[in-house]
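One structure below.
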Amino acid sequence: MKSHIHTNDAPQPIGPYSQGIAAQGTFLFLSGQIPLQNDGTMIEGGIREQTHQVIRNIQAVLAAENAELKNVVKCTVFLKDMNDFVAMNEVFSEYFGDVRPARSTIEVARLPKDVAVEIEVIALRG
């Protein structure tokens with residue numbers, strides 16, 4: 001059993017997918033978030049600004065299920081350029097407490113809308 005997670009506080013999907021899925025029981029699976037704002041426009045700026053927006057979008061989708069970043073158990077970060085790793089990591093570190101989620105970071109050739117970063121998460125229900 002599963003249900004769709006939907007909030008108007010995060011950008012709407014730009015393809016045939018959900019913002020996230022709540023699995024019966026414990027887990028929330030969020031689709032990758034990119035640095036779009038709620039109105040569908042791209043955030044201005046470089047990797048730092050884009051990472052902040054991506055995490056704000058993740059927070060909004062989690063909040064739709066009464067969860068927070070502290071509920072995140074696994075993140076997958078997709079970077080267009082691994083040279084952005086240090087800057088992305090500094091921003092990422094601002095949002096997660098002492099018990100940080102497991103994480104993988106992967107450099108990819110291209111991301112939707114040619115953004116610099118996309119992050120997907122798995123979280124526990126709040």
Side-chain angles (χ1 to χ4, degrees):
M1 299 275 262
K2 64 181 182 179
S3 61
H4 295 275
I5 302 171
H6 179 268
T7 179
N8 290 325
D9 294 329
Q12 301 308 297
I14 58 173
Y17 59 88
S18 300
Q19 289 173 318
I21 294 291
Q24 182 178 7
T26 308
F27 292 103
L28 305 172
F29 298 88
L30 275 59
S31 293
Q33 295 293 312
I34 61 174
L36 287 177
Q37 300 174 92
N38 288 357
D39 64 4
T41 60
M42 194 64 59
I43 192 80
E44 303 252 345
I47 189 66
R48 290 178 189 280
E49 293 80 9
Q50 288 192 28
T51 304
H52 279 292
Q53 184 63 47
V54 167
I55 295 175
R56 286 191 295 266
N57 292 344
I58 290 167
Q59 287 174 309
V61 177
L62 288 171
E65 288 291 318
N66 297 314
E68 302 174 34
L69 291 176
K70 69 181 181 181
N71 298 91
V72 174
V73 295
K74 174 71 168 87
C75 293
T76 305
V77 179
F78 303 95
L79 288 176
K80 186 174 180 180
D81 184 348
M82 196 57 84
N83 290 318
D84 288 335
F85 180 83
V86 171
M88 177 281 300
N89 204 44
E90 289 171 356
V91 173
F92 187 95
S93 295
E94 293 176 27
Y95 288 90
F96 291 92
D98 293 335
V99 182
R100 296 188 174 136
R103 187 181 83 187
S104 301
T105 304
I106 304 159
E107 182 180 62
V108 296
R110 193 167 180 202
L111 290 165
K113 298 197 176 273
D114 289 321
V115 299
V117 61
E118 178 176 358
I119 302 174
E120 66 180 25
V121 303
I122 299 171
L124 300 172
R125 282 188 181 275

Does any non-hydrogen side-chain atom of [Y] lie less than 4.5 Å from one of [X]?
X     : Y      : answer
Thr76 : Arg103 : no
Pro35 : Lys113 : no
Leu62 : Glu68  : no
Ile43 : Val115 : no
Ile34 : Ile14  : yes

Does [Y] offer a backbone N or O that forms a donor-acceptor pair with the side chain of [X] under 3.5 Å?
X     : Y     : result
Gln12 : Asn38 : no
Asn57 : Pro11 : no
Glu49 : Gly46 : yes
Ser31 : Ser18 : yes

For the [atom1] atom of [X] and the [atom2] atom of [Y], what is their distance to the nearest 0.5 Å?
X      : Y     : atom1 : atom2 : answer
Leu111 : Phe78 : CG    : CZ    : 8.0 Å
Ile5   : Ile21 : CD1   : CD1   : 7.0 Å
Asn71  : Thr26 : CG    : OG1   : 11.5 Å
Ile55  : Phe92 : CD1   : CZ    : 6.0 Å
Gln50  : Met42 : CD    : CE    : 7.0 Å
Arg100 : Asp98 : CZ    : CG    : 7.0 Å

Partner residues of Asn8 under the side-chain hydrogen bond (donor to acceptor under 3.5 Å, both in side chains) criterion, sequence neighbours left out | none
Mind listing the side-chain donor-acceptor pairs of residues 117-125 below 3.5 Å, one per line with the distance, residues two or more places apart or on another chain?
unit_1, atom_1, unit_2, atom_2, d
Arg125, NE, Gly25, O, 2.9
Arg125, NH1, Glu65, OE1, 2.9
Arg125, NH2, Ala23, O, 3.4

Partner set under salt bridge (charged side-chain N to carboxylate O under 4.0 Å, His left out) for [X], not counting sequence neighbours:
X      : result
Glu107 : none
Asp39  : none
Arg48  : Glu90

Can you name the nearest heavy-atom pair linking Lys80 to Asp114, along with the distance?
-> NZ-O, 3.7 Å
Correct closest heavy-atom pair for Ala60 and Thr7 would be O-CG2, 3.7 Å
Taking only residues at least two apart or on different chains, which pairs with a member in residues 3-62 satisfy ring pair (Phe, Tyr, Trp, His ring centres under 6.0 Å)?
-> His52-Tyr95
Is it true that Val77 and Leu28 fall in one hydrophobic cluster, defined by side-chain heavy atoms closer than 4.5 Å?
-> yes
Under the side-chain hydrogen bond (donor to acceptor under 3.5 Å, both in side chains) rule, what do Gln59 and Arg56 come out as? Steps first, then yes or no, please.
-> CA-CA 5 Å; Gln59 287 174 309; Arg56 286 191 295 266; over 6 Å; no
So does Glu94 have more than 12 non-hydrogen atoms from other groups sitting under 6.0 Å from CD?
-> yes
Check the pair Thr105 / Met82 against side chain to side chain contact (heavy atoms under 4.5 Å, CB included), numbers first and verdict last.
-> CA-CA 9 Å; Thr105 304; Met82 196 57 84; 4.2 Å; yes
